[in-house]
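See structure below.
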Amino acid sequence: MPLPKLSPLQSRLAASLIASVMLVLIYFAFMSPHFAYAADVDSIRPEDHNHERLLRRPFLDPDYEELELSEPTYEAQFAGVDRGIIGRATTEPITLTNNGMQETNIPQGQLMSYMFSNASLWGSLSPINSGLPSPIILNGKVKRSVDETESAHDNEDEEELKLRSRQSNSGNQRLLYITVTACKQPTSNTTTDPPPQLQLYVSQSQDNITPGPGKDPQVEMKLDDGYALYAFNATGNVYIGVYGENVNTTYTGVWNAQIAASIDQPYHFFWNSSDPNLFLVSSDSNSALLYTDPLIPDSSNSTLAEAWMDMTPGPFTVFASDASDNSILGLQNSYCGLETKAQISASRPGQISSEIATKMTDIGTGSLPKQQFYLTGLGPGKTYNIALAMNGTIASGNSAVGAGGQVFRMTNFTTLSSENCAVITGLSFCDQVAYSVPTNPGVFNDTATLAAFYDNATSQYYTFFQKVLAQTPCNTTSSAQYSLARTCDDCANAYKDWVCAVMIPRCTDFSSPEPWLQARAMGQPFPDGTFLDAADRAEANLSKALNGSRNPAIDQTIIPGPYKEVLPCEDLCYNLVQSCPASMQFGCPQPGVIGFNVSYGVRPMGMADVNGRFTNMTCNWPGVVYHRAAGGRIEPSLVLLLISAVLGMMMG
Ligand SMILES: *[C@@H]1O[C@H](CO)[C@@H](O)[C@H](O)[C@H]1NC(C)=O
Ligand SMILES: *[C@@H]1O[C@H](CO)[C@@H](O)[C@H](O)[C@H]1NC(C)=O
Ligand SMILES: *[C@@H]1O[C@H](CO)[C@@H](O)[C@H](O)[C@H]1NC(C)=O
Ligand SMILES: *[C@@H]1O[C@H](CO)[C@@H](O)[C@H](O)[C@H]1NC(C)=O
Ligand SMILES: *[C@@H]1O[C@H](CO)[C@@H](O)[C@H](O)[C@H]1NC(C)=O
Ligand SMILES: *[C@@H]1O[C@H](CO)[C@@H](O)[C@H](O)[C@H]1NC(C)=O
Ligand SMILES: *[C@@H]1O[C@H](CO)[C@@H](O)[C@H](O)[C@H]1NC(C)=O
Ligand SMILES: *[C@@H]1O[C@H](CO)[C@@H](O)[C@H](O)[C@H]1NC(C)=O
Ligand SMILES: *[C@@H]1O[C@H](CO)[C@@H](O)[C@H](O)[C@H]1NC(C)=O
Ligand SMILES: *[C@@H]1O[C@H](CO)[C@@H](O)[C@H](O)[C@H]1NC(C)=O
Ligand SMILES: *[C@@H]1O[C@H](CO)[C@@H](O)[C@H](O)[C@H]1NC(C)=O
Ligand SMILES: *[C@@H]1O[C@H](CO)[C@@H](O)[C@H](O)[C@H]1NC(C)=O
């Protein structure tokens, strides 16, 4: 198959393209072969996922009288247990109804008693509505529902509800979920350690109707950072105690807690997984961009993907606090605890002059829906604790099932310390770019103009490229195509990914010591006018790579000063060579050859974290959100084989 010959004009265009590209950079990188592009995600549909919670039933419970609680038996003194341990007498157990939450203050040393009656236990079940189009994925695995122990459905219809009722009615026992969350806790101005956790006691015995310290028989557990779930097969009346330890004068104040029991699903929920379902994509000195994990495992069901995208601004919320503020510690697994103590929350904007902007996005490989959080008003070089959560009204539907909210494990992130990197998002051409880029606050004082600057420069290169591509036989019969495996669209996509990555460098602090970073613009002043040491500048002056940016427009217009670049991944370049006609003469430097190390980065090998991620971003590509350890990436050895084949073809 003869390769098409270029006309003189075409040759000039090709030459000018290659010359421009070579002038600007001697670099390369790769990309996943099937990049799907983000659809516009701004089509906010004001669909209301909030539903009225059922009005809580008053304490009308048929079994209440039978208890004869007026008898003083529950105050029975136990040998060796004095009032100081049992706590001050509570009057009588408060009746809990199914999914009816009780909120209470618990003074130190006091026991609060509750009762969930046999009648409530055998009451009718309520439909479960997860409020979400599909189950949540944690650690890369689909979780069927909030309750992993029972095969509850995400959005139950009547048939499923009947089925669950039949199942749970089998035998003389029914699964009951008791949850306690702490919203407030005693504080100390002498220690930063959190106070002790509340204690939960559960009894099913008429011999112990006010379970608490020193009583028997009973089950006891401590809350875990403000949350406890006790799920068990109940057979009759259930007695519950929540106890706040009597700490010495170190701590003052009371606990505030929510207690609920449910025969449907835990009223409050903490996702007890190492996966926080949230990760940092990029940050600069005053803002951070975070995404949830992809909400569906693959893009095979477009209806499902659309259903998630239609949830915009998204079902989740985040709560964050400066890590130096310890008031959240001990409460971070509790929705009401986060709501009460977090410094930064979507529901209370501007707490420390910070804002959270959120929306759904399908940026990145596979166009999988995710929820994006863009936090602004942060401080430079600071660590923040952050937890993803879901307000209970999303899941509760028309019932109160799950109305207590859901919380994922708290994680943390650190902002960059220097002001010459800024996070940009929402570019119209390089629509997969959402990361920190070199900037100078004295030149671009808002990120939208900065984003437009980078997008402009890049789309101009793409325009040159398109003119050249238009000369190659793409849309002809397959026998005349340049390749049966790759089309011109593949080539255009590969070029776009590559040019966006090389023209829009990913920026991080110059002070970062990570070995995979490439120092840039070392001869320039920092935005505050200071310079690096003369010795460093003299050394940098000998190297184009160290002294300038890969895109000269950055040094001409922005003058960011010294920064470090996360180099584009080498596979972006290999994919370009593989996908485009050999007549375009794209090539990549080979690893080990001069120029490679300052041009391209390699994806990490070796150990991933417990969530299967390489948390260190060792190379960049548009749409990268993190490195997944497992996945459909091309093996490097295979890439090299393909490259050699392509290079061989080009030379032959
Ligand atoms: C702790 O705070 C309380 C009330 O805010 C105050 O009365 C007390 O003096 C403080 N103690 C110390 C050691 O600062
Ligand atoms: C989370 O799981 C661990 C181990 O399974 C358990 O020890 C811990 O109590 C659980 N925490 C909560 C809040 O359920
Ligand atoms: C409740 O009982 C069922 C059926 O006997 C059993 O499969 C399940 O594991 C029990 N659940 C708990 C939390 O004990
Ligand atoms: C609880 O109620 C169920 C159904 O009404 C009844 O069969 C059972 O005997 C009761 N159990 C107790 C301990 O009262
Ligand atoms: C209070 O208790 C804590 C821990 O139990 C202990 O470290 C502290 O010294 C005690 N303070 C006083 C004033 O007794
Ligand atoms: C795709 O998702 C929708 C919405 O969840 C569901 O109704 C449908 O059955 C799914 N289709 C396939 C093929 O899984
Ligand atoms: C959910 O949001 C509503 C309205 O903002 C609020 O009233 C409610 O308390 C929140 N739910 C929880 C569990 O905090
Ligand atoms: C951030 O989280 C990591 C991992 O959980 C932990 O080791 C580290 O101490 C945390 N940093 C801060 C400042 O809290
Ligand atoms: C940004 O700079 C322009 C002109 O340089 C100025 O008009 C504008 O007020 C500045 N905006 C902010 C937010 O500082
Ligand atoms: C982008 O390019 C357009 C047209 O070439 C120009 O009008 C606009 O000012 C440029 N924007 C920036 C930020 O350079
Ligand atoms: C190929 O032809 C189709 C239909 O005419 C057109 O939609 C498509 O954009 C063309 N592709 C290229 C790369 O020109
Ligand atoms: C990231 O890099 C740092 C410094 O090289 C290293 O200590 C850390 O273990 C790396 N983390 C991962 C997950 O590889």
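Read the numbers this way: they start at 1 and go in the same order the structure lists the ligands and their atoms.
Between F408 and W271, the ring planes are parallel. Angles under 30° get that label, and only those over 60° would be called perpendicular. Ring pair F319/Y335 is perpendicular by interplanar angle, where above 60° counts as perpendicular and below 30° as parallel.
Atom 7 (O) of ligand 3 lies below 4.0 Å from none of the non-hydrogen atoms of the protein. Per-atom contact check: atom 11 (N) of ligand 3 touches the protein, criterion being a heavy-atom distance below 4.0 Å. Protein heavy atoms are found less than 4.0 angstrom from atom 14 (O) of ligand 8.
A donor-acceptor pair shorter than 3.5 Å cannot be found between the side chains of T292 and N277.
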- [ ] Start with the C-alpha distance between I178 and F232, add both sets of side-chain angles, then the distance that settles side chain to side chain contact (heavy atoms under 4.5 Å, CB included), and finish with yes or no.
- [x] CA-CA 9 Å; I178 296 172; F232 67 109; 3.6 Å; yes

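In terms of protein heavy-atom proximity, atom 2 (O) of ligand 8 is nearest to N412 ND2, 2.4 Å. What sits closest to atom 1 (C) of ligand 3 on the protein, heavy atoms only, is N233 ND2, 1.5 Å. When only non-hydrogen protein atoms are considered, atom 4 (C) of ligand 3 lies nearest to Q173 NE2, 3.8 Å.
Those atoms of ligand 8 that come under 4.0 Å of a heavy atom in T383, given as number and element, are 13 (C). Taking every heavy atom of D224 and a limit of under 4.0 angstrom, the matching atoms of ligand 2 come to 8 (C), 9 (O), 10 (C), 11 (N), 12 (C), 13 (C). Residue A231 approaches ligand 3 through these ligand atoms, each under 4.0 Å from one of its heavy atoms: 13 (C). Counting atoms of ligand 2 from 1 in the listed order, those under 4.0 Å from a heavy atom of F270 are 13 (C).
By the 4.0 Å N-to-carboxylate-O rule, R409 lies too far from D275 to be salt-bridged with it.
Partner of F279 under the side chain to side chain contact (heavy atoms under 4.5 Å, CB included) criterion, out of D293, T411, L388, I386: D293 alone. Test Q265, Q258, H268 against T179 for side chain to side chain donor-acceptor pair (under 3.5 Å) and you get one pass: H268.
Geometrically, ligand 2 and N272 share a nitrogen or oxygen pair separated by less than 3.5 Å.
Proximity of W308 to Q371: side-chain heavy atoms (C-beta onward) are nowhere separated by under 4.5 Å.
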